[in-house]
Student: 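Here you go, one structure.
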Amino acid sequence: MKKIALLGSTGSIGTQTLDIVRHHPDRFAITALSAGSNADLVIAQAKEFRPSLVSVATKELAAAVATHVPEGTRVVYGDEGLIEAAAGTDADTVVTAIMGSRGLPATLAAIEEGKAIGLANKETLVTAGHIVMARARERGVPIIPIDSEHSAIFQCLNGEPRGGVHGITLTASGGSFRDRTRAELEGVTVAEALSHPNWSMGAKITIDSATMVNKGLEVIEARWLFDLTYDQIHVLIHPESIIHSYVEFVDRGIVAQLGMPDMRVPIQYALTYPERYPTPTEPLNLAAIGKLHFREMDFERYPCLRMAFECGRMGQSAPAVYNAANEIAVDRFLKGEISFLDIERVLETVVERHEVCEINDLQSIAEVDAWARRLAATV
Ligand code: NDP
Ligand code: MG
């Protein structure tokens with residue numbers, strides 16, 4: 001029986017993780033659930049999965065939730081509660097499905113406790129990949145990607161000597177506006193931006209897909225997960241999201257991973273690796289699909305992806321600043337404060353004004369992150 005602590009249980013990845021647990025009740029158990037403010041859902045989840053610990057965003061929510069959870073379930077809150085959910089139960093695996101760099105201290109705390117990480121929370125690696133990967137190596141903790149592209153690369157690399165890898169290609173659906181020119185992006189609405197053609201995901205990552213920031217975060221995530229140079233990481237537009245990503249080897253052989261766009265497959269693989277079990281997902285029928293399409297990535301159409309490569313190459317604090325500025329810009333767009341194209345303007349301004357510095361501990365990361373958020377909230 002694998003014991004799982006689930007951070008972000010009420011979100012898109014969180015609820016799909018619980019779907020997998022529900023599907024294999026003899027293999028998986030939940031020891032901790034962490035939510036933000038969706039009290040009703042986390043109460044229902046606690047009743048169903050009987051964790052020893054539930055964490056929510058605030059003290060008030062914790063008091064409200066505590067009277068409804070089963071006896072024996074302790075309710076905690078805030079950033080400390082999140083850390084306790086990640087590191088304070090007897091879970092052997094932590095699924096990080098919380099949104100944003102807020103998940104970093106909890107992920108590090110879980111690594112310190114020697115817990116395996118099923119990593120969906122890409123902002124964590126973008127912000128502090130050097131620290132997270134080094135600590136995971138030192139503690140002998142596996143970090144198994146849940147992001148579909150990275151799960152694909154992880155599967156393609158399985159058992160391959162690393163010296164044989166020439167490079168990897170992350171596929172990108174192109175997001176909700178892939179068939180629009182830049183001129184046609186003026187004045188697009190939040191509702192339009194939130195309708196992704198292939199995947200049903202949380203609001204922030206859906207906007208990130210439309211701006212191509214998501215692919216930018218994934219490029220940096222891949223750099224850390226697979227220890228690659230930025231020259232070895234490529235991005236290709238593939239509207240159908242059937243080829244989840246691929247590896248090219250030095251002999252020009254290519255290994256790709258394919259499947260229906262259903263996050264439950266990479267979520268489950270992260271929990272069962274190296275074994276495989278059936279999932280409740282639809283089988284892929286290539287004959288029914290007929291054709292797959294590919295387009296070269298256009299860095300002028302998607303300047304946020306260009307900026308991600310630039311920040312990744314600059315290294316040190318630059319990726320953390322890129323990520324934090326984007327979290328605020330997306331939040332402002334979702335609230336109707338700025339336009340869609342303003343997201344890249346905010347990003348560009350914050351990244352340009354930032355003087356890159358070393359960030360080697362949580363304190364310095366928090367300072368840089370806060371600086372970028374303050375600036376992104378006002379430009
Ligand atoms: P959602 O927005 O659907 O869910 C986010 C989760 O984080 C919710 O459970 C939310 O709780 C919780 N949360 C938000 N704020 C806080 C807080 N202050 N304290 C504690 N918990 C909080 O996001 P997704 O599931 O789409 O994405 C989660 C992560 O996975 C992101 O890093 C994303 O990039 C990554 N990812 C997602 C994919 C997808 O298909 N959705 C694919 C690949 C990666 P509540 O709702 O209760 O407020
Ligand atoms: Mg992805």
Side-chain angles (χ1 to χ4, degrees), residues 119-134 136-137 143-158 160-175 178 199 205 208-239 241-258 266 270 294-323 326 344 347 351 356:
L119 185 113
N121 179 217
K122 62 191 85 180
E123 296 93 339
T124 295
L125 273 197
V126 172
T127 301
H130 56 310
I131 297 176
V132 172
M133 295 311 288
R137 256 193 311 274
I143 300 205
I144 309 205
I146 285 178
D147 213 344
S148 58
E149 295 79 359
H150 305 73
S151 176
I153 300 294
F154 184 77
Q155 293 176 58
C156 297
L157 289 175
N158 210 354
E160 292 285 348
R162 294 306 306 275
V165 175
H166 182 68
I168 68 168
T169 297
L170 305 178
T171 52
S173 72
R178 66 180 172 215
W199 301 92
I205 184 174
D208 286 350
S209 299
T211 57
M212 212 51 88
V213 165
N214 183 50
K215 212 50 55 180
L217 298 175
E218 291 184 356
V219 165
I220 302 171
E221 182 186 11
R223 179 262 174 270
W224 290 114
L225 278 173
F226 307 115
D227 197 17
L228 298 165
T229 67
Y230 285 100
D231 290 340
Q232 288 178 295
I233 306 173
H234 311 280
V235 179
L236 180 70
I237 293 190
H238 167 41
S241 300
I242 295 295
I243 296 184
H244 297 313
S245 281
Y246 58 85
V247 176
E248 183 180 2
F249 294 94
V250 288
D251 59 2
R252 299 292 178 203
I254 287 179
V255 177
Q257 193 260 340
L258 286 73
F294 306 95
R295 283 207 303 265
E296 193 163 359
M297 178 49 69
D298 179 345
F299 288 90
E300 276 170 33
R301 166 68 179 76
Y302 294 108
C304 294
L305 181 59
R306 170 184 52 74
M307 278 188 263
F309 270 101
E310 286 165 5
C311 289
R313 288 196 162 96
M314 273 188 266
Q316 301 186 64
S317 56
V321 163
Y322 175 88
N323 175 69
N326 178 62
E344 64 190 47
L347 257 183
V351 166
V356 177

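Residue numbers run from 1 in the order of the sequence given. These numbers come from a predicted model, not from an experiment.
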Student: Any side-chain heavy atom of L125 within less than 4.5 Å of one from I220?
Tutor: no
Student: Are Y246 and L236 side-chain neighbours, meaning at least one heavy-atom pair lies under 4.5 Å?
Tutor: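 Heavy-atom side-chain distance check passes, below 4.5 Å.
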Student: Among L258, I168, I153, which residue satisfies the side chain to side chain contact (heavy atoms under 4.5 Å, CB included) criterion with S245?
Tutor: I153
Student: Could you check L228, V126, L170 and say which one makes a side chain to side chain contact (heavy atoms under 4.5 Å, CB included) with V219?
Tutor: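 When side chain to side chain contact (heavy atoms under 4.5 Å, CB included) is applied between V219 and each of L228, V126, L170, only L170 qualifies.
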Student: Check the orientation of H150 and F226. Use parallel for under 30°, tilted for 30 to 60°, and perpendicular for over 60°.
Tutor: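 Answer is parallel, since the angle falls under 30°.
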Student: Check for a donor-acceptor pair, side chain of K215 on one end and backbone N or O of T171 on the other, with a separation under 3.5 Å.
Tutor: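 Side chain of K215 to backbone of T171, a donor-acceptor pair under 3.5 Å: yes, one is there.
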Student: Is the backbone N or O of H244 less than 3.5 Å from a side-chain atom of S148, with the two atoms forming a donor-acceptor pair by type?
Tutor: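 Between the backbone of H244 and the side chain of S148 there is no qualifying donor-acceptor contact (under 3.5 Å).
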Student: How close do I146 and S151 get, heavy atom to heavy atom, and via which atoms?
Tutor: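 Here I146 and S151 meet closest at O-CB, 4.3 Å.
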Student: Take I143 and W224 through the side chain to side chain contact (heavy atoms under 4.5 Å, CB included) test and state the conclusion after the steps.
Tutor: CA-CA 11 Å; I143 300 205; W224 290 114; over 6 Å; no
Student: Nearest heavy-atom pair of S241 and S173: which atoms, and what distance?
Tutor: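 In terms of heavy atoms, the two residues are closest at OG-CB, 3.4 Å.
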Student: I'd like to check I237 versus R178 (side-chain heavy atoms, cut-off strictly below 4.5 Å). Are they in contact?
Tutor: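 Heavy-atom side-chain distance check fails, nothing below 4.5 Å.
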Student: Do Y302 and E344 have side chains that get closer than 4.5 Å, going by heavy atoms?
Tutor: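 They are not in contact (no side-chain heavy atoms under 4.5 Å apart), so the answer is no.
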Student: With a 4.5 Å cut-off on side-chain heavy atoms, are R313 and D231 touching?
Tutor: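 When only atoms from C-beta onward are counted, R313 and D231 do touch, with a gap below 4.5 Å.
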Student: Does E221 reach the side chain of L119, with side-chain heavy atoms less than 4.5 Å apart?
Tutor: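 When only atoms from C-beta onward are counted, L119 and E221 do touch, with a gap below 4.5 Å.
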Student: Do the side chain of R223 and the main chain of G312 share a donor and acceptor less than 3.5 angstrom apart?
Tutor: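 No; judged by distance alone, with no hydrogens or angles, the pair does not exist.
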Student: Do T169 and E248 come close enough that some side-chain heavy atom pair is under 4.5 Å?
Tutor: no
Student: Please assess N323 against K122 for the test side-chain hydrogen bond (donor to acceptor under 3.5 Å, both in side chains), listing each intermediate value before the final yes or no.
Tutor: CA-CA 10 Å; N323 175 69; K122 62 191 85 180; over 6 Å; no
Student: Short question: side chain of T127, backbone of T124 - any donor-acceptor pair under 3.5 Å?
Tutor: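 It does not hold such a pair.
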Student: Drop me the distance from M307's CE to M212's CE, to the nearest 0.5 angstrom.
Tutor: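 Output value for this atom pair is 13.0 Å.
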Student: Work out which heavy atom in C304 is nearest to a heavy atom in Y322; give both atom names and the distance.
Tutor: O-OH, 2.7 Å
Student: For the side chain of D147 and the backbone of E149, is there at least one donor-acceptor N/O pair under 3.5 Å apart?
Tutor: no
Student: Can you name the nearest heavy-atom pair linking A256 to C156, along with the distance?
Tutor: C-SG, 3.7 Å
Student: Over 60° means perpendicular and under 30° means parallel, so classify the ring planes of Y230 and F309, tilted if in between.
Tutor: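 Judged by the thresholds at 30° and 60°, the geometry between F309 and Y230 is perpendicular.
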Student: Below 4.5 Å, heavy atoms only, C-beta onward: do V255 and F249 meet side chain to side chain?
Tutor: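 The answer is yes; the side chains approach within 4.5 Å.
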Student: Dump the intermediate steps for side chain to side chain contact (heavy atoms under 4.5 Å, CB included) on H166 and R252, then the final yes or no.
Tutor: CA-CA 8 Å; H166 182 68; R252 299 292 178 203; 3.7 Å; yes
Student: Test side chain to side chain contact (heavy atoms under 4.5 Å, CB included) on V356 and V321 and set out the steps.
Tutor: CA-CA 9 Å; V356 177; V321 163; over 6 Å; no
